[in-house]
Amino acid sequence: MPKAISDIKEFVKLASESQTKVCRVKRNGSVFKFKLRGPNTLHTLTVNDAKKAAKIKKSLPRAWKIVNVPEKKELKKKK
């Protein structure tokens with residue numbers, strides 16, 4: 001089941017405790033969505049500030065793979 005998280009500290013805590021090794025970052029304009037897929041749940045954090053998003057990326061474990069999901073506009077331009 002998906003769960004939306006509003007607290008950044010709680011998200012970072014879940015990220016360090018979870019069994020996942022990948023974080024997907026989706027950007028829609030000025031909104032950043034961080035998605036952690038666990039064995040049973042999908043945790044999502046939404047951030048409206050680019051500086052906070054950069055800090056969150058730095059706070060994730062370095063061994064993880066961070067996938068930047070392109071915007072829909074960018075996908076249409078490539079085709």
Side-chain angles (χ1 to χ4, degrees):
M1 293 295 300
K3 292 184 180 180
I5 299 172
S6 58
D7 186 28
I8 295 172
K9 290 181 182 180
E10 182 181 350
F11 182 80
V12 172
K13 181 181 174 185
L14 280 171
S16 63
E17 294 175 353
S18 71
Q19 298 174 358
T20 61
K21 302 291 183 211
V22 176
C23 179
R24 296 188 187 278
V25 181
K26 184 175 182 181
R27 181 178 180 186
N28 290 330
S30 63
V31 178
F32 292 85
K33 291 185 179 180
F34 293 87
K35 299 183 178 200
L36 290 176
R37 169 52 98 176
N40 297 324
T41 58
L42 174 69
H43 298 285
T44 305
L45 173 69
T46 304
V47 179
N48 293 329
D49 187 14
K51 290 181 182 179
K52 287 183 182 179
K55 286 182 182 180
I56 293 170
K57 280 185 185 180
K58 289 181 183 179
S59 67
L60 295 174
R62 291 185 183 201
W64 281 21
K65 182 178 179 183
I66 298 174
V67 178
N68 291 315
V69 178
E71 293 185 46
K72 290 182 181 180
K73 293 176 186 177
E74 292 176 8
L75 290 175
K76 289 180 181 177
K77 288 181 182 178
K78 289 182 181 179
K79 291 182 180 179

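All residue numbers in this chain count up from 1 along the given sequence.
- Contact between Phe34 and Lys57 at its shortest, heavy atoms only, is CE2-CG, 3.8 Å.
- Separation of atoms NZ (Lys3) and CG (Leu45) is listed at 15.0 Å; rounding is to 0.5 Å.
- With hydrogens and angles disregarded, no donor-acceptor distance shorter than 3.5 Å links the side chain of Arg24 to the backbone of Lys26.
- Going from atom CD1 of Ile56 over to atom NZ of Lys51 covers 14.5 Å, rounded to the nearest 0.5 Å.
- A distance of 13.0 Å separates CZ of Arg37 from SG of Cys23, quoted to the nearest 0.5 Å.
- Across all their heavy atoms, Leu36 and Val22 have their closest contact at CD2-O, 3.9 Å.
- With sequence neighbours left out, the side chain to side chain contact (heavy atoms under 4.5 Å, CB included) criterion links Lys13 to Glu17.
- Atoms CD1 and CD, from Ile5 and Glu10 in turn, are 5.0 Å apart once rounded to the nearest 0.5 Å.
- The side chain to side chain donor-acceptor pair (under 3.5 Å) search around Ser59 returns none, not counting sequence neighbours.
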Give the C-alpha distance, both sets of side-chain angles, the deciding distance and a yes or no for side-chain contact (heavy atoms from CB on, under 4.5 Å) between Val25 and Val67.
-> CA-CA 6 Å; Val25 181; Val67 178; over 6 Å; no

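- If you chain together hydrophobic residues whose side chains sit under 4.5 Å apart, Phe32 and Ile66 fall into the same group.
- Contact of the Thr44 side chain with the Leu42 side chain is registered, since non-hydrogen atoms from C-beta on lie closer than 4.5 Å.
- Considering NZ of Lys55 and CG of Leu60, their distance stands at 14.5 Å, rounded to 0.5 Å.
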